[in-house]
Visitor: 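Have a look at this one.
Chain naming here is simple, since letters A, B, ... match the order of the sequence lines and numbering starts at 1 in each. No experiment lies behind these values; they were computed from the predicted model shown.
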Amino acid sequence: MKKLTFPAIVAAGLMAAAPAMADLVVPNLSYRTGPYAANGIPYADGFNDYFTLLNERDGGIGGEIIQVPECETAYNTEKGVECYEALKGDNPLVMNPLSTGITYQLIPKASVDNMPLYTPGYGRTSAKNGKVFEWVFNAPANYWDGASVAVKHILEQEGGDLNGKKIALVYHNSAYGKEPIRTLQELSKKHGFELSELPVDAPGQEQKSQWLQIRRDKPDYVIMYGWGVQNQVGIQEAVNIRYPMDHMIGIWWSGSENDVISAGEGANGYKALTFHGVGQEYPLYDDLKTHVYDAGKASGAGDQIGTVLYSRGAYAALVIAEAIKKAQDLAGTSAITPAQLRDGFEALEISAERMEELGLPDFGQPISLSCDNHGGAGLGRIQQWDAAAGQWNLITDFIEPDEEVLQPLIEEDSAAYAAEAGVTERCN
Amino acid sequence: MLYREAGDFKTGYRKDGQTFPIKLDRWGYYLLLAIAFLVVPFLINDYWANAVFVPFLIYAIAALGLNILTGYAGQVSLGTGGFMAVGAYAVYKLMTAFPEISIVIHILLAGGITALVGMLFGLPSLRIKGFYLAVATLAAQFFLVWLFNKVPWFYNYSASGQITAPERTVLDIAVTGPATSAPAKYLICLCFAVLLAWVARNLTRGTAGRKWMAIRDMDIAAEIIGVNPLTAKLSAFAVSSFFVGIAGALLFAVYLGAAEVGEAFGINKSFLVLFMIIIGGLGSIFGSFAGAAFLVLLPVMLKNVLVGTLGWPTDLAAHIELMIVGGLIILFLIVEPHGLARLWSLAKEKLRLWPFPH
């Protein structure tokens, strides 16, 4: 008997447990373990809580309850692919993998499976070109926008002239960290600054030599594209070599509380990009408190509320929810399909008034997508860490990226992908 | 008496020396092959292919390769991940440079290139052994990963440093690229796994294998009886790297479709494959498959049971899963240091006597 039952147990265990779901399914590919967990947890919690709020307060979207099944990827590409395949059985509407590596892996698969991918602020930059990337959306901003906004901010600091200045890029030595290099090289040609590239291998605890090089070269500015433990170590190392903090600018993935708190007072003045507002001073948080936190329905331990990455997770959920609403209007039915959701994304309009209606006035930039623009306007703001108060402050308004430099690069990169993958352009 | 040899007589040396001398084993093996080739492809879907069968078959090939080197020839290696990366990047460069040539040939060539690289890094084994050799191969692991990250030629100067497998076909059926169907993915990996297991079995029971085992058991004695350590060790490195290179090529081209060297072929891969052969059983073909199955399937199974069936939070399940897998590895090595293969042969011994043990 034992011999017979064991394979049966194994088979049952391997079977993807797929509960029959009639509702709309928006999976959360999260990572709450591994070297990136500190940043993965708040994002996942914010993402879950926003949908919980919609379900509790409004009864879902258009009368449809939103299911948010979670799958642990540990920021690992193989596990991410396995999650994608396992979740596919639940008939999901859209995937938000929260990892550039996993996104790169999923882009070809998603176009075959007709599955929209929403990758806000990460993923493949040239996916902004909807003519080639039919199923991928990376609004409101992408890595190249970030690089350009950072350089624009530096320009402003330096009175509009960067000739002979030195900028160092400290980056995660992976697809994610390598993304901005092309843009920064173009920008260095345009503005005449000298760019030095300093890769940090994953997960990022080892970066002493990079910072010794920074101490020796004395670059005028440091731009950091880090994630997870790399940010904390990078900021601590910068403090150790007494690098002026307000001359160090992180991408939005290097600008959360987790990254700066461990460096204590030393991190005061550190700057980072963001594409949304900070703090809890928004009416949405009152609703969240009433319907989610006080009802004991908060995701995770409930200790991440109001942090930068929590807000970003909620913002991602908000954009998806708005796209679902739009898709329901367009399709004339509440039970939409992934293809209808894609149409909803392409017709997405989130104005400043709409953001105010949603309880987030002046939180995010207006988003307006179309068939050929899947990336929005790509504006970014600068936030600065106030160590004494223990909070981020927005110090600029939304800054426009340099489309003159970015657009040709996007055309070039997406054309290369189209040739490689045999994609014919659409929207013409 | 479930597992009987009584009445199963051999009348010649060939019959006595076959891989499965017991009739029951032989039929079981044929049945397994028939199911694997004729039944599974019709039932398989994307989830089963991507989460279970394809990684199992690919890691089984890698484990076979490492088992030849470590299990049969006694040369400890921690460079498996690096050699898999060589296979992956070789197949990528070949695929993009010669698109008109069949992917099967490219995969075999990638194995050949890895064999050359493996021999190069196997040269120190002529002077050093044991832990010292492990450290030398560890250097190979780090050097190769660094090389593929550093030199843009290897990833065709792509902006992100990732390599992506273009679509390639076998008999007009796509086996790489996003449009690949689950059965196609599974069948190509199965063909390579069965073929390579057959090659490994026949190599290890022939002259080459005997030489390797002689070197493993005592190299000085082997040299005295006429085994040339140079050819024996280097051939072990070459054959092993050939297998590992093919596993890397399949992992990248068929399974993942895109890869980033630091993540897909990092030191963790080396450890994973080493654990597979330790748990499966050193110096055993069956053990390579059993070890790969154990380490590929157990985490997926635990995840599905803990999250899917019991509804635990994903982070708790992930942590518990690490603890269970780690605990089981330790438990296994205490209870049965010779791995799953030994456990299997013990079970057979017991079944021969069942239900009347001495």
Side-chain angles (χ1 to χ4, degrees), chain A residues 3 9-10 12-19 28 30-34 37 41 44 70-72 74-79 81-82 84-86 88-89 100-101 104-105 107-113 124-126 173-179 181-182 199 201-202 300 409 413 416-417 420-422, chain B residues 2 45-52 55 96 142 145-146 149-150 156 158-162 164-167 177-180 182 251 255-264 266 268 293 297-305 307-311 313-319 321-322 347 351:
Chain A
K3 267 191 101 180
I9 295 169
V10 172
L14 290 172
M15 209 89 78
N28 185 356
S30 62
Y31 35 98
R32 296 170 183 273
T33 63
I41 293 168
E70 231 180 287
C71 188
E72 171 72 31
Y75 201 68
N76 174 298
T77 313
E78 272 171 73
K79 282 196 192 166
V81 172
E82 192 220 308
Y84 172 82
E85 296 293 350
K88 233 163 56 176
T100 298
Y104 263 88
Q105 206 89 322
I107 284 173
K109 287 185 205 290
S111 8
V112 172
D113 296 335
R124 185 170 189 142
T125 298
S126 60
N173 200 0
S174 67
Y176 153 50
K178 285 175 183 165
E179 277 275 331
I181 293 176
R182 221 25 248 293
D201 277 325
L409 289 178
D413 192 66
Y417 178 84
E420 195 182 288
Chain B
L2 263 178
N45 62 16
D46 274 352
Y47 174 74
W48 278 91
N50 281 317
V52 178
T96 47
F142 286 118
V145 167
W146 171 83
N149 221 338
K150 181 77 185 165
N156 284 359
S158 78
S160 60
Q162 284 223 343
T164 311
E167 182 171 303
T180 312
L251 185 78
Y255 177 49
L256 293 175
E260 197 169 76
V261 66
E263 199 198 6
N268 289 345
L297 306 190
L298 189 70
V300 177
M301 195 174 103
L302 279 175
K303 189 187 109 177
N304 284 335
V305 169
V307 178
T309 313
L310 300 178
T314 49
D315 51 342
L316 179 65
H319 289 132
E321 183 191 304
L322 270 179
L351 282 172

Visitor: Flag the pair B:V300 / A:K79 as yes when at least one side-chain heavy-atom distance between them is below 4.5 Å, and no otherwise.
Guide: no
Visitor: Does any backbone or side-chain atom of A:Y84 lie under 4.5 Å from a heavy atom of chain B? Answer side chain, backbone, both or neither.
Guide: neither
Visitor: Evaluate the side-chain contact (heavy atoms from CB on, under 4.5 Å) criterion for residues A:C71 and B:T314: first the C-alpha distance (whole Å), next the side-chain angles of each, then the deciding distance (0.1 Å), finally the verdict.
Guide: CA-CA 6 Å; A:C71 188; B:T314 49; 5.6 Å; no
Visitor: Please flag which part of A:S30 lies under 4.5 Å from any non-hydrogen atom of chain B: side chain, backbone, both or neither.
Guide: side chain
Visitor: When rounded to the nearest 0.5 angstrom, what distance separates CD in A:Q105 from CD in B:Q162?
Guide: 6.5 Å
Visitor: When rounded to the nearest 0.5 angstrom, what distance separates OG1 in A:T77 from CG in B:L256?
Guide: 7.5 Å
Visitor: Under 4.0 Å between a side-chain nitrogen and a carboxylate oxygen: does that hold for B:K303 and A:E82?
Guide: yes
Visitor: Mind ranking A:T125, A:I41, A:N76 by heavy-atom pairs under 4.5 Å with chain B and telling me who comes out on top?
Guide: A:N76
Visitor: Working to the nearest 0.5 angstrom, can you tell me the gap between B:D315 CG and A:E70 CD?
Guide: 7.5 Å
Visitor: For chain B, which of A:A175, A:S126, A:G177 has the most heavy-atom pairs under 4.5 Å?
Guide: A:A175
Visitor: Identify the heavy atoms of B:A318 and A:T33 that sit nearest to each other, and give their distance.
Guide: CB-CG2, 3.6 Å
Visitor: For B:N50 and A:K109, test the side chains for any donor-to-acceptor distance below 3.5 angstrom and give the result as yes or no.
Guide: no
Visitor: Is A:E78 reaching over with its side chain to a backbone N or O of B:A264, donor-acceptor style, under 3.5 angstrom?
Guide: no
Visitor: With only heavy atoms counted, which part of B:E260 is less than 4.5 Å from chain A, the side chain, the backbone, both or neither?
Guide: side chain
Visitor: Which bit of B:A259 comes within less than 4.5 Å of chain A, counting heavy atoms only: side chain, backbone, both or neither?
Guide: backbone
Visitor: What distance separates A:D201 CG from B:E263 CD, expressed to the nearest 0.5 Å?
Guide: 12.5 Å
